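Here is the structure we will look at.
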Amino acid sequence: MADDTLKVLRRATVHEAGVLLEPFVERMKAARPVDADPSVLRHGFRGVEGWSGAWICAGGRFRQLSLPPPLEPAATLFIDGDVEVDTWLEHQGLTFIRGNLTVRTLLTSGFLCVAGDVRTERFVGVDEPEGTWCLGHAAVGELVCLWNHCVSGTSPWKAQGEGHEPMRIAELLATWGVTVDSRLGTPDWDDLVDSDIAPVSLPNLRVALRDWAARPGS
């Protein structure tokens with residue numbers, strides 16, 4: 001039976017995190033220059049109590065999934081094996097998957113790197129210039145990038161429908177039931193995901209994606 005929670009195996013030492021990180025960084029640099037700070041990737045984010053550290057988690061199959069897990073929301077995550085999500089994955093933070101990622105809808109506003117293939121029907125990337133990396137092959141049904149989110153990899157991302165410019169974003173999101181006035185430019189992230197903010201009248205994108213992912217045969 002599919003779970004909804006990632007299984008945390010243990011905390012990684014700084015040295016171990018560096019060893020796990022090295023093959024990712026080498027393959028990323030082979031594709032294009034990487035602007036991310038390796039010390040941050042090894043240590044996680046720095047808060048008032050110091051660095052958040054890195055954790056090793058187990059892959060598996062999930063009904064739906066949010067990353068990072070509540071245990072340490074600011075930590076760097078290394079996930080062993082494949083991650084398969086039947087419906088919906090929402091991602092923030094720093095995550096490295098040491099396998100393939102298969103998910104129906106993916107919403108990310110963090111730095112996500114997948115060692116294997118990425119397969120998703122709907123992808124939305126927000127903010128985070130380093131964005132989403134696929135070091136295998138990326139097969140995407142529909143792709144929307146907002147606020148400079150970048151998709152990169154060792155081979156080109158292939159999508160049946162893509163939205164990068166305001167007009168195309170508006171057209172694509174309209175087919176998802178999300179109305180955008182393209183004359184206002186690229187939609188503000190808060191307008192899309194927070195129903196209480198309405199400089200632009202938009203349905204909640206997060207809810208729209210979740211509802212669509214939960215419907216069989218959409």
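No experiment lies behind these values; they were computed from the predicted model shown.
Under 3.5 Å, the side chains of Trp212 and Glu121 contain no donor-acceptor pair of N or O atoms.
Contact annotation: the side chain of Thr175 approaches that of Glu142 to within less than 4.5 Å [non-hydrogen atoms, C-beta and beyond]. Side-chain contact between Thr132 and Phe123: present, with at least one pair of heavy atoms (C-beta onward) separated by less than 4.5 Å. Leu20 is listed as a side-chain neighbour of Ile56, based on a closest heavy-atom distance under 4.5 Å. Residues Glu90 and Gln64 fail the side-chain proximity criterion, which asks for heavy atoms closer than 4.5 Å.
Ion pairing of Arg61 with Asp86 is present here, as a side-chain N (NZ or NE/NH1/NH2) and a carboxylate O approach within less than 4.0 Å.
Annotation: salt bridge (charged side-chain N to carboxylate O under 4.0 Å, His left out) contacts of Glu22 (sequence neighbours excluded): none. Residues satisfying the ring-ring contact (aromatic ring centres under 6.0 Å, His included) test with Phe96, not counting sequence neighbours, are Phe24, Phe78, Phe111.
With Trp55 as the aromatic partner, Arg10 does not meet the cation-pi criteria of under 6.0 angstrom to the ring centre and within 45 degrees of the ring axis. By the 6.0 Å and 45° rule, Arg63 does not stack over the aromatic ring of Trp88.
Using a distance-only test at 3.5 Å, with no hydrogens or angles considered, no donor-acceptor pair links the side chain of Asn100 to the main chain of Asp82. In this structure a side-chain-to-backbone donor-acceptor pair under 3.5 Å is missing from Ser109 to Val126. In this structure, Arg27 contributes its side chain and Leu135 its backbone to a donor-acceptor pair below 3.5 Å. Using modelled atom types, no side-chain atom of Thr102 and backbone atom of Glu84 make a donor-acceptor pair closer than 3.5 Å. A distance-only check finds no donor-acceptor pair linking the side chain of Arg122 to the backbone of Thr105 [under 3.5 Å]. Proximity of a side-chain donor or acceptor of Asp80 to a complementary backbone N or O of Ala58 within less than 3.5 Å is not detected.
Across all their heavy atoms, Ala17 and Ala12 have their closest contact at N-CB, 4.4 Å. Across Leu77 and Leu67, no two heavy atoms sit closer than the pair CD1-CD2, 4.3 Å. Residues Arg215 and Arg104 approach most closely at O-NH1, 2.7 Å, considering heavy atoms. Closest of all the heavy-atom pairs between Leu143 and Cys145 is CD2-SG, 3.6 Å. Looking at every heavy atom in both residues, His137 comes nearest to Asp117 through N-OD1, 2.8 Å. Taking all atoms of both residues into account, the shortest heavy-atom contact from Thr108 to His91 is OG1-ND1, 2.8 Å.
Hydrophobic clustering, with ILVMFWY side chains joined whenever heavy atoms are under 4.5 angstrom apart, groups Leu94 together with Leu9.
For the pairing with Thr120, the side chain to side chain contact (heavy atoms under 4.5 Å, CB included) check across Leu101, Val85, Leu106, Leu89 returns one residue only, Leu106.
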**Report entry** Residue pair Cys57, Lys7: steps toward the side chain to side chain contact (heavy atoms under 4.5 Å, CB included) verdict
**Finding:** CA-CA 6 Å; Cys57 306; Lys7 182 180 180 182; over 6 Å; no

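In this structure, CG on Leu112 lies 8.0 Å from CD1 on Ile79, to the nearest 0.5 angstrom.
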